[in-house]
Amino acid sequence: MNIRRELEQRLSAAMAKAIGQDAPAMVAPSARPQFGDYQANGVMSVAKRLKTNPRELAEKVVAAVDLSDLAENLEVAGPGFINITLKDEFLQQQVAKSLADKEHLSVPLAASQQTVVVDYSAPNLAKEMHVGHLRSTIIGDALARVLDFLGHNVIRQNHVGDWGTQFGKIILSIWHLCMEEKRNDPHYLNRSDEKLKALPDKDDPAERKKALTPIWKQHQKDLYEDWDGKVFKDYLEKITSVLTFDDLLPAYQFVNLVESLAEGTDLIIDSSPDHKPVELAKVSSHVTQMLQNFDKPENKQEKDAWEYAKELTLKSCDKIYDRLGVLLTSDDVRGESAYNDDLPKVVEALKDKGLLTESEGAQCVFLDEFRNKDNEPLPVIVQKSDGGYLYATTDLAAMRYRVCELHAGRILYVTDSRQALHFKQVFAVAKAAGFVPSGVSLEHVPFGTMMGKNNRPFKTREGEIVKLMNLLDEAEQRALDLINIKNPDLPDEQKLDIAKIIGIGAVKYSDLSHNRASDYVFSWDKMLALDGNTAPYMQYAYARIRSIFRKNEHQASRDRQGADKPVARITLADPAERALAVKLLQFAETVEAVAAESLPHLLCGYLFDLAGAFTTFYESCPVLKSNEPTRSSRLALCEATATTISIGLGLLGIETVEQM
RNA sequence: GCGCGCGUAGCUCAAUUGGAUAGAGCAUCGGUCUACGGAACCGAAGGUUACAGGUUCGAAUCCUGUCGCGCGUACCA
């Protein structure tokens with residue numbers, strides 16, 4: 001049961017009766033123990049509005065409500081708070097009830113179940129996942145799990161960046177790989193790349209030109225021999241069986257480097273069959289443009305190359321997802337390219353609605369609410385002056401798909417907070433154009449940056465972006481080091497398994513436990529610490545409880561012959577027992593709040609509080625040493641706590657261990 | 001310039017969205033216990049919530065201004 005909501009509903013109804021209009025009771029857990037378990041704050045603001053005495057009004061509300069099945073007498077306190085103390089009997093029943101439902105802890109399903117699209121992760125083609133992708137992936141996954149837990153129909157969407165400017169570069173880099181293979185010169189790209197990187201003065205165009213000249217010549221020559229793409233085609237077939245993601249990456253970076261260095265030089269590639277000379281710096285964008293009709297048979301090798309790059313990239317992402325325990329699969333991938341055919345239709349539809357304006361050659365939507373410094377309208381550009389489309393267009397197309405095909409009632413976009421303006425604009429355009437009915441909720445779920453100790457974005461010592469693989473490796477290694485110190489007697493294999501769970505859990509939890517809206521400082525030591533609001537602390541609390549049960553089963557092993565033991569009657573004699581019970585029962589309302597606000601850190605905070613309540617209980621209330629029936633009752637509280645921690649961490653995508 | 005966001009204890013973060021005396025963990029200081037897993041527990045100290053006004057029963061939260069930081073700001077995503 002969601003106690004908070006139950007109280008809210010009953011008290012709100014009583015308020016409506018008392019004052020004749022609807023007003024929220026504003027029930028929240030009490031700020032202090034002396035004020036009971038919950039407090040209702042709504043009376044005061046209503047009284048203000050009605051200009052009546054808040055205390056008198058509170059008394060009226062108290063008289064009008066019947067909470068006798070779950071609460072002691074209500075008290076009006078201070079300027080008009082209503083303090084609620086739950087009945088012990090009620091708490092006992094509820095804990096027993098949730099314990100009987102081990103899968104779901106009797107957390108009620110959402111009253112109105114929605115189809116919720118969660119858009120998260122979104123890696124890019126031919127790039128390795130790095131820390132920049134971590135937050136989206138983890139937060140999105142946790143939200144998806146929570147929504148699913150509450151009975152919503154969750155559709156995960158991995159909006160992979162598989163189109164756009166990098167598109168031509170990818171094809172070009174694979175072409176280079178093919179040419180390398182054809183010349184039987186397997187280290188050509190590496191050699192060239194190293195030479196370019198060693199360039200003493202990258203700011204000097206003459207130097208750059210000099211360094212690029214051999215590469216440029218080779219490029220010309222290769223192109224001359226492959227003017228019809230036949231070599232590309234033949235060798236593509238040959239290399240695809242052996243090519244790996246690790247081959248693709250450097251090739252892609254090589255193309256990037258060449259093009260950035262060629263900027264401002266007069267190096268021209270002119271061996272192409274159409275005799276249109278192209279700047280060396282713009283070959284890849286030329287490739288992109290050339291392939292407007294991507295599906296034509298003569299472009300098959302380009303398409304194959306791109307698809308192959310996509311396959312390699314996604315495989316590499318899957319490894320990360322697998323290690324992270326993220327639920328995304330290939331079925332959830334619907335990249336930007338999936339919307340290519342819809343883009344002209346989106347622009348057409350905007351035109352039909354009369355929303356489209358041409359400005360400086362680009363197709364724009366101007367909405368009144370977006371203005372620049374001088375109060376001039378700010379455009380949302382949906383088509384570039386060269387005819388190309390932008391991410392706004394793709395997002396609009398994706399929205400239409402999600403609403404029309406997936407029947408989304410709510411769409412969550414888990415992306416960096418820097419995209420806030422973009423989403424604000426795109427949402428407004430979608431609503432204005434009627435792409436998304438007003439009943440559908442479009443929500444940007446923004447998050448801040450992961451920072452290093454220096455309060456700058458998290459980088460390696462060398463100042464490079466941290467690859468996710470490396471980050472996870474280090475997390476597991478550090479966890480293993482810790483286990484070796486703290487629990488050296490465990491078998492090695494088990495140590496490794498535990499290290500994985502602890503290491504990955506720590507990374508995820510440290511991310512999820514912070515309010516996602518703000519930047520947070522990443523710290524190895526803090527996230528693996530056993531004190532404070534960390535994953536290991538929670539996992540340790542769990543392992544300790546499990547240890548009690550192992551010991552108990554050992555003691556009582558002969559008594560039970562597989563028969564299900566009845567759920568013990570729970571008594572709450574000690575204040576610590578009672579406080580733990582109240583905390584346990586707040587799981588439902590916490591999960592619901594996480595789903596409503598898309599704030600996973602609320603769940604982390606709750607689990608930490610729960611672990612705290614348990615520790616207090618654990619210290620003051622002996623379990624195995626106490627006599628029946630107290631013993632069974634306390635064991636039940638232990639079990640309820642362990643289950644809540646396990647399910648709670650599970651909703652965050654974090655596993656528990658029996659020993660650590 | 002304009003827009004958005006942020007500024008809370010020495011450090012890292014909370015504060016149930018306007019509620020009662022702003023809470024945790026680290027670090028510091030002090031204490032407990034032959035310990036159901038010591039990777040423990042309890043306590044103390046630490047705050048004019050950047051600053052100045054305002055709104056009201058009540059403000060870290062809302063409004064105005066100032067300072068500081070971050071991000072964004074027409075064809076990248």
Side-chain angles (χ1 to χ4, degrees), chain A residues 4 26-32 34-35 39 41-42 44-45 47-48 54-55 77-81 83 122 124 159 161 163-166 336 359-364 370-375 378-386 388-392 394-395 415-422 424 446 448-449 453 455 482 485-487 513-515 517-521 523 525-526 529-534 536-537 540 543-552 555 586 589-590 593 597 599 601-602 604-606 608-609 612 615-616 618-626 634 638 659-660:
Chain A
R4 184 175 175 177
M26 312 244 312
V27 173
S30 287
R32 275 157 211 293
Q34 74 247 34
F35 301 141
Q39 60 184 55
N41 306 324
M44 289 170 289
S45 49
K48 191 202 294 193
R55 284 196 66 110
F81 296 102
N83 289 338
N124 292 311
H159 196 72
W163 206 253
T165 46
Q166 79 272 43
E336 292 172 341
S359 171
E360 297 175 30
Q363 298 300 321
C364 307
F370 300 109
R371 297 183 169 274
N372 72 0
K373 47 197 168 190
D374 302 317
N375 209 28
L378 202 65
V380 178
I381 301 178
V382 293
Q383 189 171 19
K384 297 195 276 187
S385 46
D386 68 4
Y389 301 99
L390 296 108
Y391 70 139
T394 312
D395 271 335
T415 79
D416 199 289
S417 56
R418 283 175 297 199
Q419 296 185 37
L421 179 60
H422 162 70
K424 214 170 155 187
T449 310
K453 272 188 198 143
N455 262 311
L482 237 87
I485 296 169
K486 305 288 187 188
N487 213 342
S513 61
H514 294 91
N515 188 334
S518 42
D519 297 344
Y520 82 98
V521 177
S523 156
D525 293 334
K526 276 203 178 98
L530 220 93
D531 311 289
N533 193 2
T534 66
Y537 177 77
Y540 178 63
R544 260 165 59 169
I545 301 174
R546 296 302 306 157
S547 161
I548 295 176
F549 282 99
R550 276 196 298 276
K551 190 156 187 166
N552 181 46
Q555 286 173 4
Q586 284 170 356
E589 61 200 48
T590 305
E597 312 287 329
L599 292 174
H601 83 286
L602 297 177
C604 297
Y606 165 79
F608 184 53
D609 288 347
T615 315
T616 309
Y618 183 78
E619 289 300 318
S620 57
C621 303
V623 179
L624 296 180
K625 286 176 189 163
S626 59
R634 289 182 176 169
C638 287
Q659 290 180 64
M660 60 188 277

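First the proteins, then the strands, lettered A, B, ... as listed; each starts at 1.
- Between the CG atom of A/N515 and the P atom of B/rU16 there is a distance of 10 Å, given to the nearest Å.
- Taking atom P on both nucleotides, B/rG23 is separated from B/rG46 by 14 Å, rounded to a whole Å.
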* How does RNA chain B look in dot-bracket form if you count Watson-Crick and G-U pairs under 3.5 Å, write [ ] for pairs that cross, and put | where a base pairs with another strand? -> (((((((..((((.....[...)))).((((((....).))))).....(((((..]....))))))))))))....
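- In this structure, the side chains of A/K526 and A/T534 stay at 4.5 Å or more apart for every pair of heavy atoms.
- In this structure, CG of A/L530 is placed 19 Å from P of B/rA24, rounded to the nearest angstrom.
- To the nearest whole angstrom, the two P atoms, one in B/rU55 and one in B/rU73, are 39 Å apart.
- Using a 4.5 Å heavy-atom threshold, the side chains of A/T615 and A/Y537 count as touching.
- The side chain of A/L390 has B/rC75 as its nearest neighbour among B/rC36, B/rC75, B/rU17.
- Counting heavy atoms from C-beta on, the side chains of A/F81 and A/N41 come closer than 4.5 Å.
- For the C1' atom pair drawn from B/rC76 and B/rC63, the interatomic distance equals 38 Å after rounding to whole Å.
- Checked against B/rA77, B/rA39, B/rC36, the side chain of A/Q419 finds its nearest nucleotide in B/rA77.
- Taking the O4'-C1'-N9-C4 or O4'-C1'-N1-C2 dihedral as appropriate, B/rU17 has a value within 90° of 0 and is therefore syn.
- Counting heavy atoms from C-beta on, the side chains of A/T394 and A/W163 never come closer than 4.5 Å.
- Stacking between A/F35 and the base of B/rA20 is present: ring centres sit under 5.5 Å apart and the planes differ by under 30 degrees.
- Within 4.0 Å of A/Q586, counting heavy atoms only, lies no atom of the nucleic acid at all.
- The distance from atom CG of A/D609 to atom SG of A/C604, rounded to the nearest 0.5 Å, is 11.0 Å.
- Residue A/M660 contributes atom CE, which lies 11 Å from atom P of B/rA39 at whole-angstrom precision.
- Taking the side chain of A/Q39 as heavy atoms from C-beta on, and the options B/rC75, B/rG19, B/rG37, the nearest nucleotide is B/rG19.
- The shortest distance between the side-chain N/O atoms of A/K625 and the OP1/OP2 oxygens of B/rC36 is below 4.0 Å.
- The residue among A/Y389 and A/Y520 whose nearest nucleotide of RNA chain B lies closer to the 5′ end is A/Y520.
- At least one donor-acceptor pair under 3.5 Å links the side chain of A/D519 to the backbone N or O of A/T449.
- Not one N or O on the side chain of A/R418 forms a donor-acceptor pair closer than 3.5 Å with the backbone of A/P446.
- In terms of modelled atom types and a separation under 3.5 Å, the side chain of A/Q586 and the main chain of A/P29 share no donor-acceptor contact.
- Here CE of A/M660 is found 5.5 Å from CG of A/L530. Values are rounded to the nearest 0.5 Å.
- Using a distance-only test at 3.5 Å, with no hydrogens or angles considered, a donor-acceptor pair links the side chain of A/S30 to the main chain of A/F35.
- In the set B/rG19, B/rC75, B/rA15, the nucleotide with an atom closest to the side chain of A/I381 is B/rC75.
- Distances from the side chain of A/T615 to the nucleotides B/rA15, B/rC41, B/rU12 place B/rC41 closest.
- Regarding A/L421, its CG atom lies at a distance of 16 Å from the C1' atom of B/rG70, rounded to whole Å.
- For the P atoms, the distance linking B/rC41 with B/rC26 amounts to 9 Å, nearest Å.
- Look at A/H422 and you won't find any side-chain N or O under 4.0 angstrom from OP1 or OP2 of B/rU73.
- Not a single donor-acceptor pair under 3.5 Å links the side chain of A/R546 to the backbone N or O of A/Q659.
- Atom OH in A/Y618 sits roughly 16 Å away from atom C1' in B/rC42 (whole-Å rounding).
- For the P atoms, the distance from B/rC6 to B/rA44 is 33 Å, rounded to whole Å.
- Considering only the side chain of A/R418, B/rC71 comes nearest among B/rU16, B/rC57, B/rC71.
- Regarding A/D416, its CG atom lies at a distance of 16 Å from the P atom of B/rA77, rounded to whole Å.
- A donor N or O paired with an acceptor N or O is found under 3.5 Å between the base of B/rG58 and the side-chain atoms of A/K48.
- Comparing B/rA15, B/rC41, B/rU17 by their nearest atom to the side chain of A/H601 picks out B/rA15.
- Minimum atom distance to the side chain of A/S359 is reached by B/rA74, of the listed B/rA20, B/rG72, B/rA74.
- The interatomic distance linking A/N83 (CG) with B/rG19 (C1') rounds to 11 Å, in whole Å.
- Atom OH in A/Y540 sits roughly 5 Å away from atom C1' in B/rG37 (whole-Å rounding).
- The C1' atoms of B/rA22 and B/rC2 are separated by 35 Å, rounded to the nearest whole Å.
- Proximity of A/K384 to the phosphate of B/rC76: a side-chain N or O atom is located under 4.0 Å from OP1 or OP2.
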* Treat primed atoms plus P, OP1 and OP2 as sugar-phosphate and everything else as base, then score nucleotides 25-32 of chain B 5' to 3': B for base contact with protein heavy atoms under 4.0 Å, S for sugar-phosphate contact only, - for none. => SS------
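- Using atom C1' as the reference point in both B/rG70 and B/rC29, the two lie 37 Å apart (nearest Å).
- Note: A/H601 NE2 to A/S518 OG = 8.0 Å, rounded to the nearest 0.5 Å.
- With C1' as the reference atom, B/rU61 and B/rU56 are 14 Å apart, rounded to whole Å.
- If you find the closest nucleotide of RNA chain B to A/C364 and to A/S518, the one lying nearer the 5' end belongs to A/S518.
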